[in-house]
Amino acid sequence: MINVSKIKKGIVLDHIESGRGHVLYNALKLAEVEDPVVLMQNINSTSMGKKDLIKIETDFNPDFTVLGLISPHTTVNFIEDGNRVKKLRLELPEKVEGIMKCGNPRCISNIEKVESHRFTLANEDTKEYRCEYCDSLTTYEEE
């Protein structure tokens, strides 16, 4: 078994669905972080069977909307002096702005430049969001 030491200060993203850690790693642009970042995959978990985990040892402020879209139910642990000082459990965001693209090819947002395109969660089970311009349902597409 591989052992990775505790971090002194930073963030631990835990309870990531197995196989999704690299998606979060890329979406959060962690390759650009100059401080230590560890991505662990397929870790045994009593509640999930297998999970992924990311440790970021730096002052890092993740985009919680992106995290919630890509990996709802991820736990974000804030670490200071080697101890967890705060814990957040992410859910699908109710509103999303500037991240998604409407799936309707005839939507005005896909034809003209729209500054701040907003979506509202319409169906939590299917992860569908409603476009503010055309009312079409769409899901977040990873790049």
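In what follows, every heavy atom counts, from backbone to side chain, and hydrogens, waters and symmetry copies are set aside. All residue numbers refer to positions in the sequence shown, counting from 1.
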How many angstroms lie between [atom1] in [X] and [atom2] in [Y], if you round to the nearest 0.5 Å?
X    : Y    : atom1 : atom2 : value
K55  : N77  : NZ    : CG    : 10.0 Å
I54  : H22  : CD1   : NE2   : 10.5 Å
K51  : N44  : NZ    : CG    : 9.5 Å
C107 : E112 : SG    : CD    : 10.0 Å
I11  : E57  : CD1   : CD    : 12.0 Å
E34  : E32  : CD    : CD    : 10.0 Å

field: Name of the residue among D35, D59, T58 meeting side chain to side chain contact (heavy atoms under 4.5 Å, CB included) with K9
entry: D59

message: Which residue in the set T75, D14, V76 passes side chain to side chain contact (heavy atoms under 4.5 Å, CB included) when paired with K87?
response: T75

- line: When every non-hydrogen atom of T139 is compared with those of E128, the smallest separation belongs to CG2-CG, 3.9 Å

task: Heavy atoms only: give me the nearest M100-Y129 pair and the separation to one decimal.
output: CE-CB, 3.9 Å

Look only at the side chain of [X] and the backbone of [Y], and say whether a donor-acceptor pair between them is shorter than 3.5 Å.
X    : Y    : answer
R118 : E97  : no
D52  : N42  : yes
R89  : H73  : yes
N110 : R106 : no

message: Other residues, nucleotides and ligands only: do more than 12 of their heavy atoms fall within 6.0 Å of NZ on K50?
response: yes

query: With the 4.5 Å side-chain cut-off for hydrophobic clustering, are L92 and M48 part of the same group?
result: no

Find out whether [X] and [Y] are in side-chain contact, i.e. whether some heavy atom of one side chain is under 4.5 Å from a heavy atom of the other.
X    : Y    : answer
C131 : H117 : yes
L28  : L13  : yes
I99  : F119 : no
L137 : N123 : no
C102 : C134 : yes

task: For side-chain contact (heavy atoms from CB on, under 4.5 Å), just list the numbers for N104 and T138, CA-CA rounded to whole Å, side-chain angles, deciding distance to a tenth of an Å, and then say yes or no.
output: CA-CA 8 Å; N104 176 2; T138 192; over 6 Å; no

query: Apart from Y133 itself, what residues make up its hydrophobic cluster, given side-chain heavy atom links below 4.5 Å?
result: I108, V114

Donor-acceptor pairs under 3.5 angstrom involving side-chain atoms of residues 61-72: please list them, not counting sequence neighbours.
unit_1 : atom_1 : unit_2 : atom_2 : d
D63    : OD1    : T65    : N      : 3.0
D63    : OD1    : V66    : N      : 3.3
S71    : OG     : T74    : OG1    : 2.6

